[in-house]
Amino acid sequence: MLVAKKENSFVKNENRIKIINEREKRKSKKLVLMKIKMIMFSFLILAVALVVLLRYAHITKMRYDITMLDKEIEKLSNQKQYLLIELEKIKESKWIEKEAEQRLGLKYPTSDQTVYVTVDDLFDNEIDVAEDKGNNNYIFLNAFRNVVNKMFGYFQ
């Protein structure tokens, strides 16, 4: 009996050792799984942080681009204002006159250089020709002559 007791206690001890070993294995597996979960969670947090950081970098770059475009718009607006001022200056007749005298050496014509054209004689000859032919096609020409004569009459 004593041997059976010893054998029984030996078996119990072996079973306890097996149970303890199994518990330690389960604990170590749980510990390993927990470590793996913590590492995965850390990588996930790192990935999220990197994504947020990259988005902030992109936003900063976009703000920089917007600032540069605003500066370019302001520069072009100033250039446009300058060109509008230059255009108004060029349109001014006194400036044109001054530039013509300085750059091209132009001067006002003298009375000797002025040529006058008389329009009345030209129309009288055409009407005489029309009357000589007796053609009624020149009725419009007579009306036009009268209008032109009245217009030139205001200028004389």
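Tested against L31 for a side chain to side chain contact (heavy atoms under 4.5 Å, CB included), the candidates K29, K27, K35 yield a single pass: K35.
Criterion: ILVMFWY side-chain heavy atoms under 4.5 Å apart, direct or through other members. Under it, V32 and M40 are part of a common hydrophobic cluster. Both F43 and L50 belong to a common hydrophobic cluster when Ile, Leu, Val, Met, Phe, Trp and Tyr are linked at side-chain heavy-atom distances under 4.5 angstrom.
Using modelled atom types, one side-chain atom of T60 and one backbone atom of Y56 make a donor-acceptor pair closer than 3.5 Å. Although no hydrogens or angles enter the test, the distance criterion places a donor-acceptor pair under 3.5 Å between the side chain of S28 and the main chain of K25.
Inspection of the Q113 and Y108 side chains reveals no N or O donor paired with an N or O acceptor under 3.5 Å.
Here the CZ-NE2 distance, from R63 to H58, works out to 11.5 Å after rounding to the nearest 0.5 Å. The NZ atom of K89 sits 7.0 Å away from atom CD of E99, with the distance rounded to the nearest 0.5 Å. Y82 OH to L87 CG: the interatomic distance, rounded to the nearest 0.5 Å, is 12.5 Å. With values rounded to the nearest 0.5 angstrom, I39 atom CD1 is found 13.0 Å from L46 atom CG. Rounding to the nearest 0.5 Å gives a distance of 11.0 Å between CG of D70 and CG of D65. Here the CG atom belonging to L83 is positioned 7.5 Å from the CD atom belonging to E86, to the nearest 0.5 angstrom.
In terms of heavy atoms, T110 sits closest to T114 at O-OG1, 3.1 Å. Between I96 and K91, the shortest heavy-atom distance links the atoms CD1-O, 4.1 Å.
Salt-bridge check for K75 with E72: failed, with every basic side-chain N at 4.0 Å or more from each acidic carboxylate O.
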